[in-house]
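Working notes, structure below.
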Amino acid sequence: MAVTVFPLKAAVDQALEDGQTAVSTVLVVKRGGNEVTWVEGRDLWWHEEMAPMVADHEAKAFEAENPLFILYTSGTTGKPKGILHTSGGYLTQAAFTHKNVFDLHADTDVYWCTADIGWITGHSYVVYGPLVNGATQVIYEGTPDTPHPGRWWEIIEKYGVTIFYTAPTAIRTFMKLGREIPQKFDLSSLRVLGTVGEPINPEAWMWYREVIGGNTTPIVDTWWQTETGAIMISALPGVTTAKPGSAQVPLPGISVDVLTEDGQKVGPEGGGLLVITEPWPSMLRGIWGDDERFKETYWSMFGDKYFAGDGAHLDKDNDVWLLGRVDDVMNISGHRLSTMEIESALVANSMVAEAAVVGASDDTTGQAVVAFVILKSRFVGTLSEDEVTAQLREWVAQQIGAIAKPRTVFVVAELPKTRSGKIMRRLLRDIAEGRDVGDTTTLTDTSVIRTISDGLK
Ligand code: 7RM
């Protein structure tokens, strides 16, 4: 099989083409063997620049508030925000959470976080946290299914990985392929499993625990954001009792609450908006170059409490259940429904591997539920699309209620996702409402959108 190496240099060239940037020099690593176009005076080869350098490096000390990095978060909506993190607080919380949430014993554990280092999870839990803690870790570059779909499990077996941290979207992709694949490998070294990036539906949680964790490993479902810099809400192995689907408790030192839109506490068994009520070490220090947007986005809703933009539910024990982004809430005939709730119901059906739900405008109901589903491999082609649609509409009605019944179900082969695995619902809404799709630059694979919309025409 021909291996294609993503032409990253071409993308950089294109981004710098208009000349409107302050970038004067581009360091290029000879890595994938792609042919590159060279810009004299701007581009430099890494290996040539590094050749005269000495290997000894003395670490420099910096002020705690010295900027460490700016990470642009595309968000699933709108224009990217440059999230600013500084040195002291960020490193403190990245290291503390990496050690305690995963119960890291640096001298014996082999840790692996599958995140792309271009995502905040890669920054905090591939680079900074593990480096501060002196962890032994696997760093893997490449897709999970090359050269074969058991690649990740093979790596776990080969290196004796003990702590494994990945995203629900990856787990659902493996569920789609079937448990026979991981079952070919010895995964008994694993002792802690983690997830991050979106709510994990109980179905995927159970599969992760049974098939990957051999029914013995605790799972930590970690809630946090680019803005929070490090994990904020999570189970603690050996301390909390697992609840499939709940991120559970704020970590020591972190204070969160769930409020109504007018700022009232919802209390146990209530749903509302997630806020962080006290500052924390690794909180963002601002949006780079846009103080107004910083205030407006996070502080205009409740004044002195950080508004995370996520919906959440507290159960009777005050454990937190995340319900997805507030922008994704739909209003069907006056009923507020979370897209995540319907997606979770859809993937609980044995035919469905992945689902994305959006609210599309509807003349009668205001918004209508439109679902995009990917079928598990063994069900592909077994039923007609009409039969699948009919069965899934009924299924959702049974699971949640008639109000949540999708108006339309589209069977698709793939869903548009960001590089961190989050579904771009904005684009699906565009498709569902028959519009041309807007900015797709943060998609992993822009052809997905074309395939879906062509398929629906
Ligand atoms: C780490 C990361 C942040 C958004 C956040 C949530 C969602 C992340 C979970 C989750 C439910 C989780 N940073 N999110 N983790 N939702 N349970 N465990 O993902 O900036 O890329 O995204 O991701 O909506 O606000 S991020």
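As the structure lists them, so they are numbered: ligands from 1, and atoms in each ligand from 1. Here, residue 1 is the first one in the sequence, and each next residue gets the next number.
- Interface of Lys422 with ligand 1, defined as ligand atoms under 4.0 Å from a residue heavy atom, comprises 2 (C), 19 (O), 21 (O), 22 (O), 23 (O), 26 (S).
- A distance-only check finds a donor-acceptor pair linking the side chain of Arg285 to the backbone of Met283 [under 3.5 Å].
- Ring planes of Phe294 and Trp299: perpendicular class, angle over 60° (limits at 30 and 60°).
- Close approach of ligand 1 to Val196 (heavy-atom distance below 4.0 Å) involves ligand atoms 1 (C).
- In terms of polar-atom proximity, Glu227 is not counted as a contact of ligand 1, lacking any N or O under 3.5 Å from an N or O of the ligand.
- Summary of contacts: the protein heavy atom closest to atom 6 (C) of ligand 1 is Asp310 OD2, 2.8 Å.
- Applying the ring-ring contact (aromatic ring centres under 6.0 Å, His included) test to Tyr90 and every residue at least two apart in sequence or in another chain returns Phe69, His85, Tyr128.
- Not one N or O on the side chain of Thr240 forms a donor-acceptor pair closer than 3.5 Å with the backbone of Ala235.
- Residue-ligand proximity, Leu322 to ligand 1, at heavy-atom distances under 4.0 Å covers atoms 11 (C).
- With ligand atoms numbered from 1 in the order given, ligand 1 contributes 2 (C), 13 (N), 19 (O), 21 (O), 26 (S) to contacts under 4.0 Å with heavy atoms of Trp119.
- Residue contacts with ligand 1 leave out Thr73, since none of its heavy atoms falls under 4.0 Å from the ligand.
- Here the side chains of Leu273 and Met301 are in contact, with some heavy-atom distance below 4.5 Å.
- Shown here are the side-chain hydrogen bond (donor to acceptor under 3.5 Å, both in side chains) partners of Ser300, two or more places apart in sequence or in another chain: there are none.
- Closest to atom 3 (C) of ligand 1 among all protein heavy atoms lies Trp224 O, 3.6 Å.
- Across the listed options Asp327, Thr226, Leu323, Thr222, Thr226 owns the non-hydrogen atom lying nearest to atom 13 (N) of ligand 1.
- Atom 11 (C) of ligand 1 has Pro199 N, 3.1 Å as its closest protein atom, hydrogens excluded (heavy atom only).
- Looking at heavy atoms from C-beta onward, Arg325 lies in side-chain contact with Asp310 at the 4.5 angstrom threshold.
- Within the structure, ligand 1 has Gly197 among the residues with a heavy atom less than 4.0 angstrom away.
- For ligand 1, the atoms lying closer than 4.0 Å to a non-hydrogen atom of Asp221 are 12 (C), 17 (N), 18 (N).
- When side chains are defined from C-beta on, Ile171 counts as touching Thr166, because their heavy atoms get closer than 4.5 Å.
- Around the OH atom of Tyr159, the shell of radius 6.0 Å holds no more than 12 heavy atoms that belong to other residues, nucleotides or ligands.
- Residue contacts with ligand 1, taken as heavy atom pairs separated by less than 4.0 Å, involve Gln225 via backbone and side-chain atoms alike.
- Near Thr121, the atoms of ligand 1 lying under 4.0 angstrom from a non-hydrogen atom of the residue are 1 (C).
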